[in-house]
Visitor: 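My questions all concern the structure below.
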Amino acid sequence: MRLALNIQNTAKDLDVNALPGLYEEAGKALDVLLSGTGKGNDFIGWLTLADGNNQEEIAAIKAAAAKIRSDSEALVIIGIGGSYLGAKAALDFIKTPNYNALPKDGPDIYFIGNGLSADSTNEVIQMLGDRDFSINVISKSGTTTEPAVAFRIFRDLIEKKYGKEEAAKRIYATTDKARGVLKALADAEGYQTFVIPDNVGGRFSVFTPVGLLPLAVAGVDIDEMLAGAKDGFDTCKNADPEVSPAIKYAAVRNGLYRGGKLIEVLAAFEPALRFTGEWWKQLYGESEGKESKGLFPASVDFTPDLHSMGQYMQEGLRIILETFIKVENSDTVLLIPNDEANGDGLNFLTDKPMTWTNHQALAATAIAHMDGGVPNMTITIPDKSARSFGELVAFFELACGISGYMLDVNPFNQPGVEAYKINMFALLGKPGYEAQKAELDARL
Ligand code: PA5
């Protein structure tokens, strides 16, 4: 595993003498996770997703991706939460957040159904224009309102464009293997389906067809990503903190939490990692934020957010810990040019690579924040390759399972997500929710 974790900037806030005990606790939590004896143990199928036991499925994903790449100029991906964040994070990380705008050899990719904005949905319709497209609708339950609404709109669009029969050949449904209305609809209409395993929750599903199909369509080397994930899982399944960065990360963040740090800010210095932050927030927020416990996960884009959130980070409430992601090598070598007039006084940077200045900014921030009372860790990854993404996701997922058990919660459920759904169904007038609707209407 090439990912490395540096915790030296936590020393002021976390007594080194506390570390062995925290490591031991993290090791025990790892044991519980791997032996399948902990809370939510029917949702730990993600632990083996990179083991290579699904070659038939991978072949089917690649075949579908090849078809979409050959007959579509755009792929519309419909899903929300764990049914889209992993693929979006990976696409931005491995390719670029400007994927659609830059020259490439695959179709444009649009993510919709991750909200209820009519404007942004309509914009995708406009951007599609009269181009050929396919749809990948992703929903484990098949009943989530946001993607279901978007699917209605885009199914209508694609059926009007191609006719029902041809449209069915352009719709790919990723869902539960047997249950749910999406599965029933797919079977009735003859859509090709891909399975989200029963024992894998949405936020842990990027290595299932949920992530693999969109990424294969975008031309990502999914074998390489899974190889990175395998390496990451294998290394992180070790209880020795000197071997497993996941043990170290889970132990340190829990030690800091117990010492009064209530917010963890994930900070990356590459725009391509912005959605890695969004994916990570869901992973940790949904896994740990329950029973009135858990670090609140937030994310920032540095250096831009140093000019907005930097003030609070440096001098606001001292309840923050920070985790940096440092990408060692960029894809581009961009040297800062000389300027004879030197009107901006920057000639001391002549011929310096821009990436070097970015790394110096990270080092400067890490020390300033530590001095200001924000203990921080740095995760270093070599590059933004598919392999590195696989390693990073495996590291964060394993650490999340360990950390959730250290917190003594079930890291694999999300009971709190239901409350707003029930109210929304009631306010939207869903049959069966009449009593709740009357009660809510009276409160509005
Ligand atoms: O992690 C989770 O379980 C959630 O974020 C779900 O992925 C999200 O609510 C979407 O659910 P579904 O895939 O059932 O439409």
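These figures come from a predicted structure and were not determined experimentally. Residues: numbered from 1 along the sequence shown. In what follows, every heavy atom counts, from backbone to side chain, and hydrogens, waters and symmetry copies are set aside. Remember, it's 1-based here, ligands and their atoms both numbered in the order they're listed.
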Visitor: Side chains of Thr378 and Lys326 only: does a donor on one sit below 3.5 Å from an acceptor on the other?
Guide: no
Visitor: Which pair of heavy atoms, one from Ile263 and one from Ala298, lies closest together, and at what distance?
Guide: CG2-CB, 4.4 Å
Visitor: Give the table of side-chain donor-acceptor pairs shorter than 3.5 Å for residues 269-277, with sequence neighbours excluded, one pair per line with atom names and distance.
Guide:
none

Visitor: What residues sit with at least one heavy atom under 4.0 Å from ligand 1?
Guide: Ile80, Gly81, Gly82, Ser83, Ser139, Lys140, Ser141, Thr144, Gly202, Arg203, Gln282, Glu286, Gln414
Visitor: Could you tabulate the donor-acceptor pairs under 3.5 Å formed by side-chain atoms of residues 79-91, not counting sequence neighbours?
Guide:
unit_1 : atom_1 : unit_2 : atom_2 : d
Lys88  : NZ     : Asp92  : OD1    : 3.1
Lys88  : NZ     : Asp92  : OD2    : 3.4

Visitor: Could you check whether Arg253 makes a cation-pi contact with Tyr249, meaning its NZ or CZ is under 6.0 Å from the centre of the six-membered ring and within 45° of the ring axis?
Guide: yes
Visitor: Under the salt bridge (charged side-chain N to carboxylate O under 4.0 Å, His left out) test, which residues partner Arg203, sequence neighbours left out?
Guide: Glu286
